[in-house]
Amino acid sequence: MQDVASLVTQAREGRPRAVARLISLVEGASPQLREVMAALAPLAGNAYVVGLTGSPGVGKSTCTSALVTAYRRQGKRVGVLAVDPSSPFSGGALLGDRVRMSDHASDPGVYIRSMATRGHLGGLAWAAPQAIRVLDAAGCDVVLVETVGVGQSEVEIASQADTSVVLLAPGMGDGIQAAKAGILEIGDVYVVNKADRDGADATARELNHMLGLGESRGPGDWRPPIVKTVASREEGIDEVVEALEKHRAWMEERGVLAERRLARASREVETIAVTALRERIADLHGDRRLSALAERIVAGDLDPYRAADSLVEGLTES
């Protein structure tokens, strides 16, 4: 058993091994998970969480690395949660963004962690909210969450980040992808990366046109900016940071940031409760109560909805 209090103290002191152990406890759904979350709760809530999403190949990891450099120049501690596809054999992270962000490996002000999706859809790992809280409580000023890169269904990051950045690149059909449901709805800042390639201006124009078509904003509402970058040369990254800071200031001024964080906490509680209930239902396989309800459904004495209601009531009362 780990000494959670000691780990939390060491994590606050910036010791990467302690942070790693806390995230491992979270990721592995350790029996100490509740103790970890109780210890972290009073310490979290200060980090600015930025999500980066987009199709594979648009340069998410390169852009994330460039943002780390920019924030470090400002003297901020940065945590990076890089979500990768799962290995079909080990269940672990298949790519491992720590390899692609090796420039920051020796920087004590940067913590980088790869996490596997483990079959969870939406571009994030199921333990991402708790891992973000670990990095937050460990004293990170900014937490960058890079999603797995699975396409237009990858919109869950919008529910986990304070600000969502959508990356596109010319020549990859992203202009068409942006027109599809989801992408236009989650971006707070849009980045056209690899802007030194042909078609970058056209991609930015198409995106700007599509954002205009989908607008239903009133006076003073946030209009997502479009920033062109060449992340491999860190060109345009300062402009991205500026756009992020403007969005943060806008949210704080209008109370949007507090609303987003409240909604995020509500979803987290709901997810934990539903997961616990699902586990209790799974334990009923072979249980006489479930068999009795199934027999009544087959006999036509009971419909499945009333049976489910009866089952849930029994579980919540027990």
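For reference, positions follow the sequence shown, starting with 1. All of these numbers come straight from a predicted model, not from anything done at the bench. No hydrogens, no waters, no symmetry mates; every other heavy atom, side chains included, goes into these values.
Contact between Leu7 and Ala18 at its shortest, heavy atoms only, is O-CB, 3.5 Å. In plain terms, the two heavy atoms of Val50 and Ala161 that are nearest each other are C-CB, 4.2 Å. Contact record, Pro129 with Gln160: CG-OE1, 3.5 Å, taken as the closest heavy-atom pair. Scanning all heavy atoms of the two residues, the minimum distance from Leu81 to Ala128 falls at CD2-O, 4.0 Å.
Not a single donor-acceptor pair under 3.5 Å links the side chain of Asn193 to the backbone N or O of Leu167. With hydrogens and angles ignored, the 3.5 Å screen pairs a side-chain donor or acceptor of Arg260 with a backbone N or O of Asp162. With hydrogens and angles disregarded, no donor-acceptor distance shorter than 3.5 Å links the side chain of Lys246 to the backbone of Pro225. The backbone N or O of Trp250 sits nowhere less than 3.5 Å from a side-chain atom of Trp222 that would complete a donor-acceptor pair. In terms of modelled atom types and a separation under 3.5 Å, the side chain of Ser30 and the main chain of Val26 share no donor-acceptor contact. Checking side-chain atoms of Arg254 against main-chain N and O of Gly220 turns up a donor-acceptor pair under 3.5 Å.
Judged by distance alone, the side chains of Ser61 and Glu146 do bring a donor and an acceptor atom under 3.5 Å apart. For the residue pair Ser24 / Arg113, a side-chain donor-acceptor distance below 3.5 Å is found, with atom types taken as modelled. No donor-acceptor contact under 3.5 angstrom links the side chains of Gln130 and Glu27, judged on distance only.
By the 4.0 Å N-to-carboxylate-O rule, Arg72 lies close enough to Asp107 to be salt-bridged with it. Using a 4.0 Å cut-off between a side-chain N of Lys or Arg and a carboxylate O of Asp or Glu, Glu268 and Arg133 qualify as a salt bridge. Salt bridge present: Glu234 and Arg73 bring a charged side-chain N and a carboxylate O closer than 4.0 Å.
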Self-check item: Residue pair Val49, Arg264: steps toward the side chain to side chain contact (heavy atoms under 4.5 Å, CB included) verdict
Solution: CA-CA 12 Å; Val49 182; Arg264 191 160 73 214; 4.2 Å; yes
Quiz prompt | Candidate pair Val191 and Leu168, rule side chain to side chain contact (heavy atoms under 4.5 Å, CB included), full reasoning | solution = CA-CA 6 Å; Val191 173; Leu168 304 94; over 6 Å; no
Self-check item: Trace of the side chain to side chain contact (heavy atoms under 4.5 Å, CB included) decision for Cys140 with Val143
Solution: CA-CA 7 Å; Cys140 290; Val143 176; 4.1 Å; yes
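Residue Arg261 qualifies as enclosed at atom CZ: its count of foreign heavy atoms under 6.0 Å is above 12.
Linking Ile, Leu, Val, Met, Phe, Trp and Tyr whenever their side-chain heavy atoms come within less than 4.5 Å leaves Val192 and Val230 in two separate clusters. Residues Ile272 and Met115 do not share a hydrophobic cluster, clusters being chains of Ile/Leu/Val/Met/Phe/Trp/Tyr side chains in contact below 4.5 Å.
Residues meeting the side-chain hydrogen bond (donor to acceptor under 3.5 Å, both in side chains) test with Thr163, sequence neighbours left out: Tyr48, His247.
Identified under the side chain to side chain donor-acceptor pair (under 3.5 Å) test for residues 293-310, with sequence neighbours left out: Arg288-Glu295.
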